[in-house]
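Read through the structure below, which is laid out as structure tokens, and then see the notes.
Sequence lines set the chain letters: A, B, ... in the order given, protein chains first and strands last, and positions in each chain run from 1.
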Protein chains: 2
Amino acid sequence: MKHITIKDVAKKLNVSISTVSRAFNDKYDIKKETRDLILQTAQELGYRPNPIARKLIQQRSFNIGIVVPEFENSFFPQIMLGAQEVLHNKGYQVLIMQSNYSWEIERKNVETLVDNMVDGLIISLTSEKQNNEYYKELLKQDIPIVFFNRAVDEIPASKVLFDDFKWALFATEHLIMQGYRDIVHLTGTHNLTLTKNRLRGFEQAHRKHKLPPGKIISCGFKMEDGERIAQELIDRNEIPRAIFAANDSCAIGAMNVFKQHGYKIPNDIAIVGFTESKLAKHTYPSLTSVEQPTRDIGQTSANLLLEQIENKGFFVPQTIILNGRLNVRDSSIKIK
Amino acid sequence: MKHITIKDVAKKLNVSISTVSRAFNDKYDIKKETRDLILQTAQELGYRPNPIARKLIQQRSFNIGIVVPEFENSFFPQIMLGAQEVLHNKGYQVLIMQSNYSWEIERKNVETLVDNMVDGLIISLTSEKQNNEYYKELLKQDIPIVFFNRAVDEIPASKVLFDDFKWALFATEHLIMQGYRDIVHLTGTHNLTLTKNRLRGFEQAHRKHKLPPGKIISCGFKMEDGERIAQELIDRNEIPRAIFAANDSCAIGAMNVFKQHGYKIPNDIAIVGFTESKLAKHTYPSLTSVEQPTRDIGQTSANLLLEQIENKGFFVPQTIILNGRLNVRDSSIKIK
DNA sequence: ATTTTTATCGGAAACGTTTCCGATAGTTGT
DNA sequence: ACAACTATCGGAAACGTTTCCGATAAAAAT
């Protein structure tokens, strides 16, 4: 069973292919009756315009590409849901690829997406260096891109970000106001802007409350990282009174190890996480965490991208910073 | 800055476009030196063959489409990781779309993927009815598809499935052997084969151990479903001794409500879930659950699809059923 | 009644490739 | 030395559309 092409329906009705094409696209230049006739017989024959051919000549696809590092943690999935919502409404389809935290794969992802002539890209960077030149090149070629979550100043594109500094400050302040001192910060992956900002927030909170600087331990974003650090702290008998972790996975990893060793949360050690994960509500005790407006991030990114697509050429990059929320739970309740 | 096409590099070297094309594709019919020269100058010019045009004529894309209902629960993401692994190795790129549990969106997803000329599709059905005719049509057009997780007999395609019956039986048996009686089954979404199979397993376990049939409550797959049912049971004061839920979300929802009302897990109520979610390890108490071999499902699906692509035309659909594991945790430990 | 406009359509080029067919020149065999 | 082959390349059709340009006939204007 071969593909049914525009020629088949043209032949069937003894009209030219231009006319059939017009039936599908033009608003004028075609009689209403012939249009209806064509549309109807096309339907009967099961004809669908081949978008590959269409792309080739129109140079646009009504497809949007999204590239994220992973989607195991419901953070990115929720963002994608938000983006998909507004994109679908505008008639765009969403193609998703995951880079697996590898910048090489990310590069390949973006390349295939571009090769498939997506009209725009929404990207969360895996590396803050490796592909920068490539992205600059893409932007020069006038391909609309908006970055979210992770971005670099160096790349002149639209971004939607989270105020990591502010919310890290709030989170730390929360611990301080609950009466905790001797707070340790477990940082995220090294060299990431977002890591640095959370760290800055942590430090600022101490300064603001005239406390001596808190201890900083380089950790990482994975659960194993948190487990490892907790174990080290126990081994060295350097148990802090409270922990502010750069994300939830790391916080939960640490919490588990501490619990296994008989420490009570929060009575012995209070813990606050970051980037509300699905787990936070269900751990024991439940984990206090900063929640990012995931759906909003997705929607805002999508809207920014659409704007950019429509005003191609003379669009000035914007950076939008969104607000979050601190979900206070059992892991950091007040000291008695 | 315009796209650089094959013509540009042909002109630059005073060769024909056929020769350039051959440089990129043929193994013979071209002198080694010219090939190297062409490849090199192509590189310098920044030329990349336009896959859209290539698709148009070759009718293949080296892209594979995956359609899943969602990816918030790490079940599908892990499967996709597995699939991506083997597909990347074979030079395929993976395009992902989410149907959001809507068969209309699923339909649109598949259509755009097909329109984009993916070489094959990996799909987890959202509805067991609505799109059946459409899928049959696609198969008639010789488009390779493999279904996983959810599938229907009616569609003659390859499938990789889980033995829901067997593992529901094991899970129930586990509760029985731990000494629990008066076990209630919270079923999944109505009418799904997978729901029926888990139910059958639950019943079979009772028969096998010569117990009176267990109580069955129609529930659903979401956390709210579990919460609702638990609340109802409490209101009616019909507290069971143990629960086998059709999935983890539902199990956790119920567990939370019971806990809030002062019931102890497992001392008052034991609980077993299904389809190991990331949460299971971290709830309090940790949740016993049947783990599906997610990565394996992805890999197997991909391999099946590749086989099918290579033997297009004379390929007989296979159904592969994979094995799981029962992760015993605190929520179902032995009665004292 | 003749000219001008309008509505509707067909022809053909274009998008960027691949691939079949044939041309040319050099190489081998007899 | 002549036929037959081989290696290497160019020309052109094809993939399935869109779109520009022009053609035709009917409608409107003069």
(message) Can you confirm if the NZ or CZ of B:R150 lies within 45° of the ring axis of B:F147 and under 6.0 Å from the centre of its six-membered ring?
(response) no
(message) Any salt bridge linking B:R107 with B:E111? Criterion: basic side-chain nitrogen under 4.0 Å from a carboxylate oxygen.
(response) yes
(request) Run the ring-centre check on A:F24 versus A:Y47 and record whether the distance is less than 6.0 Å. (result) yes
(request) Please state whether the rings of B:Y92 and B:F62 are parallel, tilted or perpendicular, taking 30° and 60° as the class boundaries. (result) tilted
(request) Check the side chains of B:S21 and B:S18 for a donor-acceptor pair under 3.5 angstrom, ignoring hydrogens and angles. (result) no
(message) Each nucleotide in nucleotides 6-18 of chain C should get exactly one letter: B, S or -. Can you fill that in based on protein heavy atoms under 4.0 Å?
(response) --BBBBB-BBBBB
